[in-house]
Enquirer: 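Below is one structure. I have some questions about it.
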Amino acid sequence: MSSDEPVRAISVTVNGTVHRREVAERKNLADFLRQDLQLTGTHVGCEHGVCGACTVLVDGVSARGCLMLAVQADGCSVETVESLAGDAPGPSGLGPLQQAFRDRHALQCGFCTPGILMSLTELLRDDPAPDEHAVRLVLSGHLCRCTGYQNIVAAALQAASKAGGGS
Amino acid sequence: MKAPPFRYHAPRTLDEALSLLASLPGPRLLAGGQSLMPMLNFRLLAPEHVVDLNRVEGLSGIREAGGEIVFGAMTRQREIEFSPLVEARLPLLAEAIQWVGHRQTRNRGTLGGSLCHLDPSAEQPTVAMAMDATLAIVGPAGRRELPMRDFALDLMTPALDEGEILAEVRIRPWAPGHGWAFLEFARRHGDYAIVAVAVLLELDASARASRVSITLGGVAATPVRVPEAEARLLGSLIDAEAIADAAACCGAVDALGDPQVPAWYRQRLARTLAGRAIPAALARTAAHAAAGGTP
Ligand code: FES
Ligand code: FES
């Protein structure tokens with residue numbers, strides 16, 4: 001970034017904390033989270049909206065962090081994968097969805113995982129007991145080159161049944 | 001890659017947006033960003049100025065007025081997907097929107113953005129063409145209105161002059177009891193269609209088609225109506241022969257070819273999908289359902 005890069009002051013709430021920063025106008029939200037806020041849980045893959053690795057929640061709904069400018073998030077509330085873990089250190093600090101991913105071996109390299117976790121977080125908030133089809137539709141917005149998706153579906157359904165207390 | 005440098009502007013009113021467009025050199029309008037942002041990130045475009053419409057007041061929302069459903073151009077695909085008004089009055093659009101990208105892109109992508117980007121295989125322009133949508137455009141010379149067929153000039157070329165903004169899209173619902181179907185084929189769900197077909201049908205008391213709209217997306221440079229197919233069904237009973245004839249008309253439309261999808265393949269798809277969409281629309285007409293569901 002050159003020094004004469006146009007910047008703009010923004011205020012963004014990320015995982016409940018308000019951040020005020022000057023940010024390059026052309027910088028996308030995912031890069032802002034990673035580079036300016038050091039929240040490197042959000043990954044950047046294709047940078048054109050296809051892979052889903054950069055997916056975060058903006059004002060409660062999923063969005064591609066690479067297809068939104070950081071300046072557009074001014075005044076918004078953003079949730080990233082860092083918000084999913086509990087307070088306890090170590091594996092016991094995983095949130096229920098993350099724990100289900102661990103139990104079901106729903107990740108290998110983990111590159112796609114943060115984005116998928118955020119999309120599934122949105123799904124489970126809207127519909128605490130989604131069927132397999134609903135899970136697969138949400139996953140269609142993500143690419144995973146490792147798992148073959150089956151275990152991700154299983155993990156999402158496990159998390160759903162735990163949360164809903166159903167079968 | 002990363003977007004090239006540009007100056008960013010976030011007007012709050014349409015007037016402010018229009019005066020920015022009039023005064024800045026080489027501005028680009030940013031709507032939902034689901035097409036423009038990839039083009040910036042690929043550096044296919046390097047505008048000096050980006051004018052963001054996301055904070056302009058009054059540019060989004062869905063309402064009914066004068067017998068039409070009126071969409072602000074910045075209405076997001078998500079709002080359309082969950083709109084009871086769209087579901088009740090514009091079932092073709094409600095069905096088509098399910099094919100647009102993914103949850104994560106529909107949350108930001110807009111109707112107006114898609115119409116102005118005018119990808120030949122995008123679903124929303126195909127529906128706008130099928131339903132003869134009216135587009136309201138504002139610019140330095142005031143407000144003008146265009147039907148979709150005059151708006152879609154050519155490949156990704158909308159009839160927008162410099163300094164103009166698409167403000168509103170109006171769609172007149174078909175009569176209660178009409179039939180509809182939107183079908184497409186893509187390699188993966190959420191990809192742009194290779195071919196999409198939209199069919200609308202109204203039947204008269206004798207079960208003959210009294211109104212027909214058949215539109216292909218992805219076949220030509222813009223979505224196209226197929227007047228020969230519409231004429232074949234109009235005034236006829238929609239039997240197997242009529243369906244096959246109309247589908248054959250769809251398969252005869254001049255098609256684009258590229259190394260991955262040759263023209264003959266698009267034509268075959270158009271014929272096959274039309275052959276499925278017409279009976280699907282027929283089955284949804286109230287007259288057909290009342291007759292016990294047999295053709
Ligand atoms: S990095 Fe945003 S979708 Fe791939
Ligand atoms: S776990 Fe490697 S890409 Fe999904």
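Order of the sequence lines fixes the chain letters, A, B, ..., with proteins taken first and strands second; residue numbering starts at 1 for each chain.
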Enquirer: Heavy-atom cut-off 4.5 Å, strictly under: side chain, backbone, both or neither for A/Asp31 against chain B?
Expert: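 For A/Asp31, the contact with chain B is made by the side chain alone.
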Enquirer: Please classify the contact of B/Arg78 with chain A as side chain, backbone, both or neither, using a heavy-atom distance under 4.5 Å.
Expert: side chain
Enquirer: Is the shortest heavy-atom distance from the side chain of B/Arg103 to the side chain of A/Ser62 under 4.5 Å?
Expert: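 Yes - at least one pair of side-chain heavy atoms lies under 4.5 Å apart.
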Enquirer: Need one label for B/Leu30: side chain, backbone, both or neither, based on atoms under 4.5 Å from any heavy atom in chain A.
Expert: side chain
Enquirer: Answer with side chain, backbone, both or neither: which region of B/Phe42 has an atom nearer than 4.5 Å to a non-hydrogen atom of chain A?
Expert: side chain
Enquirer: Nearest 0.5 Å, please: how far is CZ in B/Phe82 from CG in A/Asp126?
Expert: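 So the gap between those two atoms works out to 6.5 Å.
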Enquirer: Would you say B/Asn41's side chain and A/Cys66's backbone share a donor-acceptor pair under 3.5 angstrom?
Expert: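 It does hold such a pair.
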Enquirer: Can you tell me which portion of B/Arg108 sits under 4.5 Å from chain A's heavy atoms? Options are side chain, backbone, both or neither.
Expert: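 Just its side chain gets close to chain A.
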Enquirer: Need one label for A/Met68: side chain, backbone, both or neither, based on atoms under 4.5 Å from any heavy atom in chain B.
Expert: both
Enquirer: When only pairs under 4.5 Å are counted, which of B/Leu36, B/Asn54, B/Asp52 shares the most heavy-atom pairs with chain A?
Expert: B/Asp52
Enquirer: Less than 4.5 Å apart, any side-chain heavy atom of A/Arg8 and any of B/Tyr8?
Expert: yes
Enquirer: Which bit of A/Thr55 comes within less than 4.5 Å of chain B, counting heavy atoms only: side chain, backbone, both or neither?
Expert: side chain
Enquirer: Count the heavy-atom pairs under 4.5 Å between each of B/Met39, B/Lys2, B/His189 and chain A, then report the option with the highest count.
Expert: B/Lys2
Enquirer: How long is the straight-line distance from NE2 of B/His102 back to CG of A/Leu139, given to the nearest 0.5 Å?
Expert: 11.0 Å
Enquirer: Should we say atom CZ of A/Arg136 is surrounded by more than 12 heavy atoms from elsewhere, each under 6.0 Å from it?
Expert: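 It does: A/Arg136 CZ has more than 12 such atoms within range.
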Enquirer: Any heavy-atom pair between the side chains of A/Glu122 and B/Asn107 that's under 4.5 Å?
Expert: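 Side chain of B/Asn107 against side chain of A/Glu122, heavy atoms only: contact under 4.5 Å found.
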Enquirer: Would you check if the side chain of B/Gln104 reaches a backbone N or O of A/Val138 as a donor-acceptor pair within less than 3.5 Å?
Expert: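 Yes; judged by distance alone, with no hydrogens or angles, the pair exists.
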Enquirer: Please examine the side chains of B/Arg7 and A/Arg26, heavy atoms only from C-beta on, and report whether any two atoms are closer than 4.5 Å.
Expert: no
